[in-house]
Amino acid sequence: MLAAAEPLVDGFIDFWRTHRPPLRVLDLLSTEGAKRFRHMRVVLLNRLTKALAAEIEQVQGKDCD
């Protein structure tokens with residue numbers, strides 16, 4: 001399971017490093033109360049969370065076989 005998790009974590013960290021400047025702006029504007037940017041942040045994190053959950057389910061399913 002560790003071997004499957006490492007590339008997933010690396011991809012997650014690479015995504016944040018690659019897109020750090022716009023993500024920082026998104027976080028800052030969300031924190032300051034800009035509803036449009038808060039919504040964009042929620043959508044982004046929701047998609048990421050769902051993709052991560054799908055990968056975890058897939059890996060867990062392989063471990064059970």
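By the side chain to side chain contact (heavy atoms under 4.5 Å, CB included) test, Ala34 is found to be paired with Leu29, Phe37, residues two or more places apart in sequence or in another chain being considered. Checked against ring pair (Phe, Tyr, Trp, His ring centres under 6.0 Å), His19 has the following partners two or more places apart in sequence or in another chain: Phe15. Val9 is linked by a side chain to side chain contact (heavy atoms under 4.5 Å, CB included) to Ile13, counting only residues two or more places apart in sequence or in another chain. Not counting sequence neighbours, the partners of Leu28 by the side chain to side chain contact (heavy atoms under 4.5 Å, CB included) test are Glu32.
Trp16 and Val42 fall into different hydrophobic clusters, where Ile, Leu, Val, Met, Phe, Trp and Tyr residues are linked whenever their side-chain heavy atoms come under 4.5 Å apart, directly or through other members. Under the 4.5 Å side-chain heavy-atom criterion for ILVMFWY residues, a single connected hydrophobic cluster contains both Val25 and Leu23.
Here Leu44 contributes atom CG and His39 contributes atom NE2; the two are 11.5 Å apart, rounded to the nearest 0.5 Å. Taking CG from Leu26 and CG from Leu45, the interatomic distance works out to 8.0 Å, rounded to the nearest 0.5 Å.
Among pairs with a residue in residues 9-24, none fulfils salt bridge (charged side-chain N to carboxylate O under 4.0 Å, His left out), at least two apart in sequence or across chains. Every pair passing salt bridge (charged side-chain N to carboxylate O under 4.0 Å, His left out) that includes a residue from residues 37-51 is listed here, sequence neighbours excluded: Asp27-Arg41.
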